[in-house]
Amino acid sequence: MTSPINASDRQAQKTFFIKTYGCQMNVYDSERMGEALVADGYTETAVLEDADLIVLNTCHIRERAVDKVYSELGRIRDIKEQRLAAGKSTSVTIAGCVAQAEGAEIARRVGVVDVVVGPQSYHRLPALVRQARTDGQIIATEFLDNEKFDALPVRKRARNTAAYLTVQEGCDKFCTFCVVPYTRGAEFSRPMSQLLDEALKLVAGGVREMTLLGQNVNAYHGVDAAGHEVTLVGLIRALAAIPELERLRYTTSHPRDMRDDLIELHATEPKLMPYLHLPFQAGSDRILAAMNRKHTAADYLELVRRIRAKNPALALSTDIIVGFPGETEAEFEATLEMVRTVQFAQAYSFKYSARPGTPAATMDGQLSEAVKTERLHRLQALLAEASTRFNAGCVGKIFPVLFEKAGRRPGQLIGRSPYLQSVYADVDVAALGRIMQVQISAAGPNSLAGVVCA
Ligand code: 5AD
Ligand code: SF4
C-alpha cells in the first residue's frame, strides 16, 4: 500500500545546523535539540548555508553576547535571501540564554527570526518550528516546571568517547554579577533513575568518560527510585558502578556546597578524576560579600587545604572576575595573592561585565574598560605561569590517557589526561575509545606529548 506524502515525509528531506556558543551545558543542550530534530525527521548538515533550519544556541554570561547574535543574524539574513532566490526557505531559531533574556526583543527588531526558544522549552523545538511556518514568529520562553527532560527523545547513540550529562540546572545562589538564576531559572535536579537510564544509553554507545553538568552541580539533590533524596555523592557512586564507565567528572561547583562526603569521595572513588573546577571569583572579602558569594577568601583556602589533604594528587581549576564594581587596586592584589597561594592548574579569568537586570550592574564604582583590561593582563600572566609550571611538572609522569580522536599527523592520536590536558601520542587507531598508560615526554602551555607504555 502506498500512502500520500504527509508532513513528516516532507520533513525527512529537511536539514538543520546548530551553532553553539558558551558553556558545556549549551553543548549538551545542542546535542539534545539535535536529537529532537532527528526524531522529527531532520538530518544534520555541517554547512550552515545548506540548512533548512538554523539554530543559534546562545550564551548571555558575559558582554557582547547579544552583539554576536545580531551580527550572526545579519549574515543569516543574507543567506536566507540567497536561498530564497534559489527557491529554498530557511527557518531561524534563537535558543539559549540570550533567547531567554532578550529573545523577544531581538525577534521584534530582526525579522529574520522565526522561533525564540528558552532553555526550558527545547523539547518543543520541532513543534515550534512547524507552528511558525503557519503562524509566523513564535516566542517560547516560559519556565515549564521542568517537563523538558521527560519530553526530550530518549538518547540513542553517543557521538564521542567523552560525554556531558546535565544532572542539575538553574541556580539559587544569586551572585550579584550573574544572569544564570534569571536565564536558567531556579535550581532543579533531575531524578537519579532518569540519569542512570541516560548514562547507560551513552555507555552502550561507547562513552567511557562522563562529565556531570550543573550550574551548581555539587548542590545536586535528586531522588532515587524509592523517592529518597540522593546527593551528588550518591549519584556518582551509582554511575561509578557501571562497569564500562571508566571516568567521572563534575562541574561547576560552588565552594559553599563542597560537603565533607564529596571531598572524601575524591579519596575513595578511583573513577572520579582528581581534577576539580572550583570558582573563587575574587580574593577580597569585601568584594566577595558584594558579589554575594557566601564565602570568604579564608573559607576558600581552608576548603582547598581540606581537599588536598584528602587527595594530594588533585589539581584545581577556577573562575576569576577582575574589575567588579568598586574593586580597588589593593582588592585586586588580594586576587593575585590568592592565585599565588593556591597554584591553579588551569583558570578562566574575565573582566567584569555588567549584565542587565543583575544587582551589580547598577552598583556604584563601575570601573573603566582600561582598568579592567590592565588587571586582566596582570592576572593572566600569573595564571599562565602557574599552568605552565603545572604542565611542566607532568613531564616524566605516567598518566592514564583516554584516546578520543585523531591527531594532526598520521599515526597520532589525541587523548585526555586525568587533569583534562590534551595528550598527543603515536599510537594505533585501535586505541581510540580506550585508556592507555602514557609517559609524558614534553609539555606545552596547552597540551602534553607522551609515549604509550608497553
Ligand atoms: N562578568 C564577568 N564574568 C562573569 N561570569 C559570570 N558572570 C559574569 C559577569 N557578569 C564568570 C564567572 C563564572 C563564569 C562562568 O563566568 O567567573 O564563574
Ligand atoms: Fe551564577 Fe554560579 Fe553564582 Fe549561580 S553560583 S549565581 S551560576 S556564578
Side-chain angles (χ1 to χ4, degrees), residues 24-25 28-29 31-32 35-36 39 119-124 143-158 162-173 180-181 184-273 276-277 307 310-311:
Q24 295 133 320
M25 193 175 282
Y28 174 86
D29 287 343
E31 278 182 23
R32 301 293 309 255
E35 289 164 5
Q120 300 313 326
S121 302
Y122 290 157
H123 54 297
R124 296 172 58 210
F143 289 101
L144 289 163
D145 245 359
N146 301 297
E147 65 180 52
K148 168 177 68 176
F149 289 114
D150 292 324
L152 280 166
V154 172
R155 310 205 70 174
K156 290 213 178 66
R157 76 192 162 91
Y164 295 127
L165 176 60
T166 293
V167 304
Q168 178 277 324
E169 209 178 330
C171 184
D172 296 341
K173 289 282 189 294
V180 164
R184 291 274 171 175
E187 201 179 287
F188 165 77
S189 296
R190 296 177 64 190
M192 187 157 90
S193 58
Q194 198 184 57
L195 294 170
L196 289 176
D197 282 351
E198 188 170 334
L200 286 169
K201 295 260 163 27
L202 291 169
V203 167
V207 165
R208 295 293 169 263
E209 172 175 317
M210 221 169 271
T211 302
L212 312 183
L213 298 180
Q215 271 89 23
N216 200 178
V217 72
N218 57 342
Y220 174 86
H221 54 278
V223 285
D224 66 14
H228 299 128
E229 194 172 280
V230 192
T231 64
L232 187 64
V233 172
L235 177 63
I236 290 174
R237 285 216 182 99
L239 290 168
I242 301 174
E244 301 88 344
L245 187 53
E246 300 188 73
R247 289 177 159 190
L248 285 159
R249 307 177 186 274
Y250 59 93
T251 197
T252 292
S253 296
H254 192 287
R256 272 288 287 258
D257 295 315
M258 232 27 239
R259 294 166 24 155
D260 285 343
D261 55 349
L262 184 56
I263 297 175
E264 183 72 31
L265 197 66
H266 278 281
T268 55
E269 177 48 67
K271 291 188 179 181
L272 188 56
M273 290 295 97
L276 179 63
H277 185 62
I307 294 168
K310 284 288 173 203
N311 185 348

Shortest non-hydrogen contact from [X] to [Y]?
| X | Y | answer |
| --- | --- | --- |
| Tyr164 | Tyr28 | O-CD1, 3.3 Å |
| Ala163 | Val207 | CB-CG2, 3.7 Å |
| Val203 | Arg208 | O-NH1, 3.4 Å |
| Thr231 | Asp261 | OG1-OD2, 4.3 Å |
| Pro119 | Glu169 | CB-OE2, 4.1 Å |
| Lys310 | Ala267 | O-CB, 3.4 Å |

Do the side chain of [X] and the main chain of [Y] share a donor and acceptor less than 3.5 angstrom apart?
| X | Y | result |
| --- | --- | --- |
| Glu269 | Ile236 | no |
| Asn218 | Ser253 | no |
| Lys271 | Glu246 | no |
| Gln168 | Gln215 | yes |
| Tyr220 | Arg190 | yes |

_Under 4.0 Å between a side-chain nitrogen and a carboxylate oxygen: does that hold for Lys201 and Glu198?_
no
*Give a yes or no on whether the ring-centroid distance for His266 and Tyr250 is below 6.0 angstrom.*
yes
*Would you check if Met258 and Ile307 make a side-chain contact, meaning some heavy-atom pair closer than 4.5 Å?*
yes
